[in-house]
Amino acid sequence: MSRDGNAPRIIPLEEGWNEEIKAKAIDKLEAMLDGGMRQTMFGPKEYVNIYTVCYDMCTQRSPYNWSRDLYQRHGETMERYLTAKVLPALREKTGQGGPLLLQELQHRWKNHQIMNKWLKRFFTYLDRYFVKHHSLPTLEQAGLRSFKTFIYEECKADTTSAILALVQDERDGKIIDKSLVKSIVELYEHMGMSSLEAYNADLEVAMLESTREYYAKKRDEWINDSTPDYLIKAEDALNAERARVSDYLNSNSESNLLKVVEEELLEKVETVLLEKESSGCRALLQNDKSEDLQRMYRLFSRLESNNSAAATAGATSAGLQPIASIVQDFITNQGLDVVHRRQARLDGGEKDKNDDPKFVKSMIELHEKYLGVVKRDFSGHSYFQKALKDAFCEIVNQNVGNFTNAELMSTFCDRILKSGGEKLNESEVEENLDRIVQLFSYLTDKDLFAEIYRNQLAKRLLNQRSTSDDSEKLMIAKLKVQCGTQFTSKMEGMLADLAVGSQQRQKFKQKMQEKAGSIKLDFGVQVLTTGFWPSYKSPEVTLTDEMSACMKVFREWHEQEHQKRKLSWVLTQGSASVLATFGKKSYDLQVSTLQAIALDALSGGSTFTLEDLAQRLNLEDAILKPLMHSLSCGKYKVIQKSPANPKINAGDKFTANVKFTSNMRKLRIPMASLDSSFNTKKVEEDRTIAIEAAIVRIMKARKTLQHQQLLSEVLAQLSFFNPNPRVVKKRIEGLIDREYLERSPDNSGVYNYLA
């Protein structure tokens with residue numbers, strides 16, 4: 001400070017406070033607030049003058065630096081105004097009704113915010129240096145604390161009650177002032193001092209409790225409604241609460257508020273709602289109420305987030321699992337009805353056969369329907385996918401009659417893929433194959449299906465009855481996706497044989513053309529790989545001279561082309577086209593090789609007994625009887641049998657039927673298969689190999705395992721069939737005998753792997 005007479009004048013505390021700050025700033029500010037802001041606010045010049053006085057009083061040298069005193073008087077000013085003016089006004093409104101109290105509080109809170117703002121402006125220098133240096137609450141924070149201490153703490157109970165009353169009115173359909181409620185909620189938020197502590201403790205807790213009480217009463221009122229009607233009201237209530245949060249509550253309250261509503265309206269009565277006899281989940285499924293099922297899924301899926309906490313507490317699981325259980329039971333019962341209808345048809349006298357398209361189509365339609373329900377109504381949720389899977393695993397493996405569902409499904413595929421079967425276009429074929437493969441995925445005995453399907457595929461390919469090679473490849477590709485390369489390797493090998501065989505046949509055809517003078521038959525051979533194709537009966541039938549000559553030519557040619565390959569003739573799978581003349585009319589007979597040999601023996605009017613034919617053709621009765629039955633007792637009786645009955649017996653005589661006539665020139669004469677549709681013994685052998693391979697594979701990796709662990713791991717690895725644990729135990733014993741495994745010397749229930 002300079003020593004001349006121009007030194008700044010020291011402002012005494014009382015003078016600066018009373019004559020400048022209080023008189024020109026605080027008193028005027030209070031007057032404006034009390035007058036409803038009818039006076040104009042501080043102009044720039046007024047503000048600068050007051051700010052300058054505060055600045056000078058805070059920057060004077062000690063002992064005339066009044067920073068601490070001004071900070072203290074700022075707080076006292078706030079306290080005095082709040083206790084003298086604001087609090088009495090609020091107390092006056094307390095007994096006059098909730099809305100009036102809230103309106104007064106809203107007004108006083110706005111005034112306080114204005115007052116806090118201006119005082120902060122006037123004392124800015126305090127905030128910038130003194131407060132910061134001494135780590136004190138800022139002026140704004142101090143103002144909020146004052147309001148909380150002197151106003152909020154006294155009236156919060158009354159204002160909370162008033163807010164809850166208004167919320168209750170809105171729930172009951174009355175119109176309320178949402179902006180008023182929102183402004184008071186914001187006050188609660190400010191009272192938390194940058195947190196939601198005050199809001200949560202003083203408003204949200206009470207809000208949740210009142211909400212719980214309200215919806216508990218509503219639940220008791222609505223529970224006698226039908227399940228769809230109840231759920232519509234519950235969904236409306238949840239939407240209303242969500243909108244309420246959006247309109248005037250803090251967004252953090254949404255999850256807690258909705259959880260209370262969900263617990264009261266859904267969780268506590270879920271079982272009652274789902275089990276209602278005429279409108280519960282089963283009734284909705286029965287009546288195809290898609291919209292109601294979707295609503296049920298939407299609402300009860302909300303409870304899933306609570307399941308982990310409920311499980312930890314030991315409570316019963318709520319949410320989607322109970323619905324999924326009902327869905328599974330319902331689908332299972334629907335499927336078993338289909339199975340029982342097939343049983344009823346068989347009990348009613350219908351012939352049991354391996355071709356029942358009506359049954360398989362019913363299963364496909366049922367699966368397609370509820371697959372759609374799971375995807376559409378339950379959004380493909382994993383619980384419902386599992387429910388569908390478990391239900392169909394039970395249904396599809398429920399066999400009725402003499403034929404397994406695996407055989408019925410394979411035969412259905414045969415109808416689709418065989419010419420003369422189902423009349424379908426390409427897209428319909430693919431659609432049906434997709435659906436049958438979906439059913440196949442639920443089969444326990446997939447290996448049995450594979451064996452039957454492979455036999456039927458072989459017949460289609462060898463008899464040239466496939467509608468399309470592309471369709472055959474498509475089906476095999478679908479099975480490969482389901483079960484892997486190992487499952488379809490033989491089927492793919494069969495198709496590859498035919499592809500390679502076509503080139504070989506072309507070469508042999510050229511060879512036959514060279515011998516056109518000596519060979520009169522149009523002769524072709526299909527070479528098959530033994531490991532890919534089913535095993536067939538191969539009788540040593542006596543061939544015609546022409547056939548023997550053709551086979552000799554092929555054998556010589558094949559030995560030159562493939563010296564290390566051994567040929568085995570399977571004549572039961574061959575086919576022939578025979579030109580037959582009955583009277584003056586000729587016919588083209590499409591027959592098997594064995595049928596052609598028998599027709600040749602009976603040509604020219606010869607008559608033979610069954611025994612004569614057996615000796616002449618070198619065939620046993622098991623083959624000869626179905627062979628002669630197809631020619632003399634079928635649709636086209638090209639051979640006359642005496643006596644004329646539909647059964648082949650010893651002593652029966654056979655001759656060409658000279659009186660045979662037909663309107664068609666080209667006739668196909670089918671013959672009963674000499675081989676079963678599948679070899680049960682081979683399936684069991686393959687299963688034995690698979691079980692032993694799994695045991696060795698597991699033990700090689702684990703070295704030592706207890707019996708029960710080994711058993712469970714083997715069962716888990718074998719996905720193509722479900723072995724009996726006793727069979728697995730027997731295979732373990734077999735491996736011990738062959739010294740792949742040994743029992744532990746210390747514990748007979750433990751196995752060791754022997755390298």
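The first residue in the sequence is number 1, and the count goes up from there. Computed from a prediction, not measured in an experiment: that's the story for all the values here.
Residues forming a ring-ring contact (aromatic ring centres under 6.0 Å, His included) with F378 (at least two apart in sequence, or on another chain): F384. Applying the ring-ring contact (aromatic ring centres under 6.0 Å, His included) criterion to F660, with sequence neighbours excluded, gives F582, Y587. Take K480 and apply the salt bridge (charged side-chain N to carboxylate O under 4.0 Å, His left out) test, not counting sequence neighbours, and it matches E492. Not counting sequence neighbours, the partners of D355 by the salt bridge (charged side-chain N to carboxylate O under 4.0 Å, His left out) test are R415. Annotation: ring-ring contact (aromatic ring centres under 6.0 Å, His included) contacts of F359 (sequence neighbours excluded): none. When the ring-ring contact (aromatic ring centres under 6.0 Å, His included) test is applied to Y636, no partner is found at least two apart in sequence or on another chain.
Using a 4.5 Å heavy-atom threshold, the side chains of R460 and L457 count as touching. With contacts defined as side-chain heavy-atom distances shorter than 4.5 Å, the pair Y753/R702 does not qualify. A heavy-atom distance below 4.5 Å is found between the side chains of Y453 and M491. Annotation: side chain of W569 is not in contact with side chain of T593 (no heavy-atom distance under 4.5 Å). Residues I416 and M475 are not in side-chain contact: their nearest non-hydrogen atoms beyond the backbone lie 4.5 Å or more apart.
Between the side chain of R454 and the backbone N or O of F532, at least one donor-acceptor pair lies under 3.5 Å. Remark: side-chain polar atoms of H629 are paired, donor with acceptor, to backbone N or O of P646 under 3.5 angstrom. For T572 (side chain) and S538 (main-chain N/O), no donor-acceptor pair under 3.5 Å exists by modelled atom type. Checking side-chain atoms of N354 against main-chain N and O of E407 turns up no donor-acceptor pair under 3.5 Å. Side-chain N or O atoms of N405 include one that pairs as donor or acceptor with a backbone N or O of Q398 at under 3.5 Å. Of the possible donor and acceptor atoms, none in the side chain of E394 sits under 3.5 Å from a partner among the backbone N and O of A391. Formation of a donor-acceptor pair under 3.5 Å by the K625 side chain with backbone atoms of N649 is not found in this model. In this structure, H340 contributes its side chain and L336 its backbone to a donor-acceptor pair below 3.5 Å.
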**Prompt:** Going through the distances and angles, do K537 and E620 end up as a salt bridge (Lys or Arg N to Asp or Glu O under 4.0 Å)?
**Reply:** CA-CA 12 Å; K537 290 181 180 178; E620 58 187 28; 5.5 Å; no
**Prompt:** Are R687 and D445 close enough, and set up right, to give a salt bridge (Lys or Arg N to Asp or Glu O under 4.0 Å), and what steps lead you there?
**Reply:** CA-CA 10 Å; R687 288 183 174 183; D445 298 329; 3.1 Å; yes
**Prompt:** Does the pair K473 and D469 meet the rule for a salt bridge (Lys or Arg N to Asp or Glu O under 4.0 Å), with working shown?
**Reply:** CA-CA 6 Å; K473 291 176 183 176; D469 286 346; 6.0 Å; no
**Request:** May I have the step-by-step check of salt bridge (Lys or Arg N to Asp or Glu O under 4.0 Å) for D356 and R345, ending in yes or no?
**Result:** CA-CA 11 Å; D356 192 348; R345 284 192 283 119; 3.1 Å; yes
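Tested against Q595, the residues L627, V578, L589 include a single side-chain contact (heavy atoms from CB on, under 4.5 Å) partner, L627.
Aromatic ring centroids of F300 and Y383 lie 6.0 Å or more apart.
For the residue pair S468 and D470, no side-chain donor N or O sits within less than 3.5 Å of a side-chain acceptor on the partner. A donor-acceptor contact under 3.5 angstrom links the side chains of T411 and Q456, judged on distance only.
The aromatic rings of F330 and Y370 lie perpendicular to each other, with more than 60° between the two planes, well past the 30° mark.
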